[in-house]
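When a ligand or atom number is given, it counts from 1 through the structure's own listing order.
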Amino acid sequence: MLLKGKNVFLTGGSRGIGKAAVYELVKNGANVAFTYVSSEEGAKDTLNNAKKLNPEAKVSYYKMDVKNSKDVDQTVEKAIKDFGSINVVVNNAGILRDGPIHFMSNEQWDEVIQTHLTGTFYVCRAFIDEFIVNKGGKFINISSICHVGSAGQANYSAAKSGIIGFSKALAKEYGNKDIYCNVIVPGYFKTELTDANASEMIVEQFVRLSMLQREGKPDEFGKAIVFFASDLSSFVNGDVLYVTGGLDTIPPYNTKRQKKKE
Ligand code: NDP
């Protein structure tokens, strides 16, 4: 078991690719503390399935809003207490609030930047002392192929680019203490997040632009998390792994991008 004895903290485990990551982590022997913000039902479902996959794994969930630094600090403290220590942290929680720049409200901009970029900073900051005391630890931060600049998603593109710069800076500041900080850039995975925001036409374009000519399967994202969480990545730090099926660009802006507004 690649992750036997490792304790992982993951944000946004109640749905989507975060849920799949929890499953891959426990299948590989890890204990997992994961968070949700609104969907306790989703969190319960993740926990029950994870326990079925590995009855020996310790799995717990916590309600936490990554936008709220006090909430983050308190939840991190509680998770460390409950699990004894945390060895790996995955910043996965995310939202979309799409729109063209000239119609984008302050709220749309702020909510996306705060959830992805500021939230990643809050969670990493809260764990640095723990990793220093443990003489090492691993951060895995989730960006997006949209970091190359996605029309209609300026807030999201900026946040996801920012996560790459932030993660490289963290790796440079703390790498000499055996603290790792790597980034995963997912391509297109069908989840509630993408389902609610992309029309069928956009999905087809994502698939057509990828070298594998298909969407990602959530467990394929989970396997990349296992790689970074395990010793398989012992000489990888401050790096970016593309899990995109060979997607290096994204479809051009199209008014049908926003499914809900059609
Ligand atoms: P989902 O919408 O399916 O899940 C989002 C998760 O984040 C949920 O668990 C949700 O909790 C949690 N969350 C949302 N807001 C907050 C918050 N303020 N505080 C704490 N938790 C929060 O998204 P995906 O699984 O599709 O995406 C996961 C990550 O992967 C995101 O960072 C996304 O940007 C990135 N990504 C996804 C891609 C894809 O194709 N799916 C492509 C590229 C990147 P709750 O259920 O309680 O609301």
* **Pair Lys217 + Asp219, salt bridge at N-O below 4.0 Å** => no
* Structure fact -> Residues with a heavy atom under 4.0 Å from ligand 1, by chain and number, are Gly12, Gly13, Ser14, Arg15, Gly16, Ile17, Tyr36, Val37, Ser38, Ser39, Met64, Asp65, Val66, Lys67, Asn92, Ala93, Gly94, Ile95, His116, Ile142, Ser143, Ser144, Tyr156, Lys160, Pro186, Gly187, Tyr188, Phe189, Thr191, Glu192, Leu193, Thr194
* Asked: Would you say the ring centroid of Phe131 lies under 6.0 angstrom from that of Tyr174?
  -> no
* Asked: Just by distance, with hydrogens left out, do Ser233 and Lys138 show a side-chain donor and acceptor under 3.5 Å apart?
  -> yes
* Result of checking Val123, Thr118, Thr11 against Val72 for side-chain contact (heavy atoms from CB on, under 4.5 Å) -> Val123
* With side-chain contact (heavy atoms from CB on, under 4.5 Å) as the test, would you mind laying out the steps for Asn92 and Phe221 before giving the verdict? => CA-CA 11 Å; Asn92 165 77; Phe221 170 80; 4.0 Å; yes
* Asked: Is it true that Glu220 and Lys223 make a salt bridge, defined as a side-chain N closer than 4.0 Å to a carboxylate O?
  -> no
